[in-house]
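Computed from heavy atoms alone, side chains included, the values below leave out hydrogens, waters and symmetry copies. Counting starts at 1 for both ligands and their atoms, following the listed order. Remember, it's a predicted structure, so these values are computed and weren't measured experimentally.
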Amino acid sequence: MESLLLVRYGEIALKGKNRPFFEKSLLKNIKEALGGLEPFNVLFQRGRYFIKISSQHRFAALQKLQKVFGIVSISPVQAVPLELGEICQQAELMLQQHFTGPELTFKVATRRANKHFSHTTPQINSIVGESLLNSYGGLKVDVHNPDITINIEIREKEAYLFFQSFPGPGGLPVGVTGPGLLLLSGGIDSPVAGWMALKRGVKIEALHFHSPPYTGEGATNKVLELCRILAGYGGKITLHLAPFGEIQQQLRQRCPEDLLITLMRRAMFRIAEKLAHHRELGVIYTGESLGQVSSQTLENLTVINNVVTLPVLRPLIGFDKVEIMARARQIDTYQVSIRPFEDCCTLFVPPHPVTRPKLYILEKAEQNIPLDELLNRSLENIKTRVISATVDEADFLFH
Ligand code: ATP
Ligand code: MG
């Protein structure tokens, strides 16, 4: 048996002359998201996507589509020939499945995109409504607060009937903006920042700094798992793993302790920018939120920014931690983020990190270490993997 899903978009409708570009991107993303549920067929028709898929995959398809940015809602629909008798018959059939109790209130809501159809919207509502009332005792009309709404869409070639709409995530199709580089730690914030980048259509690659042997395989697996979850929203994610231990060691041995976090961040940003240029990524994303920790004061953010010329976007800048945590739960990254593994930044945390750093003091401290050499060595030893939403955990290891 085949099922039919009707997919609607939101903001794309406002895109004027660029609309076909957005529609094509969404079509591509829908097909990618449904990968593994073949065979299916996606048809685009005047602002709507119609997906034909085997009924056994209907639920899985719905779940995947609910994560595809650009989609605002999805309805499982029944297609009917453009003829009022057929529409009434199908409405009766569909109602049968829902009519379990002795009484049920309902309304018929028609959308008539095809203005050439023989009947007007109020006529269709009342004819279909009456035919249902004639077929079922215990059925009552309630236009304000019905138990069930029978939706009818009259389009060019067929009519579509449905009872339910499931929300999509909204936003813009991934790939219409960007691409950008996400600084991804194993913490709670940066995966949420990545999700927010994807939501506005930015295709992201991720960069994670690790410090073996201080940080173990557990920390790396956390980041791989986070990428896997993000890939469920944005398609495959290229993850770069950069060694950071040597830089941390040198900074710790040769620079003032209270500057360590700020100096580490400056080193991370420098590596990120070089990688971004190499990968042709136009923007850096981080999970920083103003004032959340001492390294995220306005002064610290300023001196950290100072080492790069690429724009740095911080989608969480105005969020409280509780808001970020709620979003992390909603997008399923929270449980992974709270797994207790050391991140390279939780090592060597000074008791009193500087909150109002002076640029010249940082620059002077950086002269104590062979910075360029260390940055280049980290860059040369980056390992890269492409993570898909369906990658097996056993397959996580970098080679
Ligand atoms: P998060 O929960 O994302 O780790 P946080 O509140 O713990 O954030 P910090 O540890 O100060 O904040 O990190 C600030 C930002 O710097 C992170 O959101 C992330 O974008 C980046 N970052 C921190 N550690 C790493 C890392 N090991 N690899 C890549 N990026 C990192
Ligand atoms: Mg962190």
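Of the candidates D332, T333, I237, L226 forms a side chain to side chain contact (heavy atoms under 4.5 Å, CB included) with just one, namely T333.
Shown in contact with I188 at under 4.0 Å from a heavy atom are these atoms of ligand 1, numbered in order with element: 2 (O). Within ligand 1, the atoms closer than 4.0 Å to a non-hydrogen atom of L207 are 29 (C), numbered from 1 in the order shown. Within the listing of ligand 1, atoms 20 (O) sit less than 4.0 angstrom from a heavy atom of T286. For ligand 1 and E288, the ligand atoms under 4.0 Å from any heavy atom of the residue are 14 (C), 15 (C), 18 (O). Contact atoms of ligand 1 toward G187: 1 (P), 2 (O), 4 (O) (distance under 4.0 Å to a heavy atom of the residue). Listed by number with element, the atoms of ligand 1 under 4.0 Å from a non-hydrogen atom of S295 are 11 (O).
Its side chain outside the 4.5 Å cluster rule for every partner, V322 clusters with none of the Ile, Leu, Val, Met, Phe, Trp and Tyr residues.
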Report all side-chain donor-acceptor pairs from residues 307-315 shorter than 3.5 Å, counting only partners two or more places apart or in another chain.
from	atom 1	to	atom 2	distance (Å)
T309	OG1	E273	OE2	3.2
R314	NE	E288	OE1	2.6
R314	NH1	N305	OD1	3.2
R314	NH2	E288	OE1	3.3
R314	NH2	N305	OD1	2.8

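Distances from atom 12 (O) of ligand 1 to the heavy atoms of Q296, K321, M264, R314 put Q296 nearest. Of all the listed residues (L182, D189, L226), D189 holds the heavy atom that lies closest to atom 8 (O) of ligand 1. Selection from Q292, R265, M268 by nearest heavy atom to atom 16 (O) of ligand 1 gives R265. Nearest to atom 22 (N) of ligand 1 by heavy atom, out of A193, P353, S185, is S185.
Of the polar atoms of F209, at least one N or O is found under 3.5 Å from an N or O of ligand 1, judged by distance alone. Here's the thing with G287: one of its N/O atoms is less than 3.5 angstrom from an N/O atom of ligand 1.
Within the structure, the closest approach of H210 to ligand 1 does not fall below 4.0 Å when heavy atoms are considered.
Taking the six-membered ring where tryptophan is involved, the planes of F44 and Y49 are tilted, since the angle between them lies from 30° to 60°.
Geometric assessment of K67 against the ring of Y233 yields a positive cation-pi assignment under the 6.0 Å and 45° thresholds. Figure legend: R112 and F117 shown without cation-pi pairing, the cationic atom not lying both under 6.0 angstrom from the six-membered ring centre and within 45 degrees of its axis.
Looking at S190 against ligand 1, both its backbone and its side chain come within 4.0 Å, counting heavy atoms.
A donor-acceptor contact closer than 3.5 angstrom is absent between the side chains of N300 and S295.
We find that E225 and R228 are joined by a salt bridge, their nearest charged nitrogen and carboxylate oxygen being less than 4.0 Å apart.
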As a quick check of understanding, evaluate side-chain contact (heavy atoms from CB on, under 4.5 Å) for I150 and K107, giving each step before the final call.
CA-CA 6 Å; I150 296 145; K107 80 169 179 184; over 6 Å; no
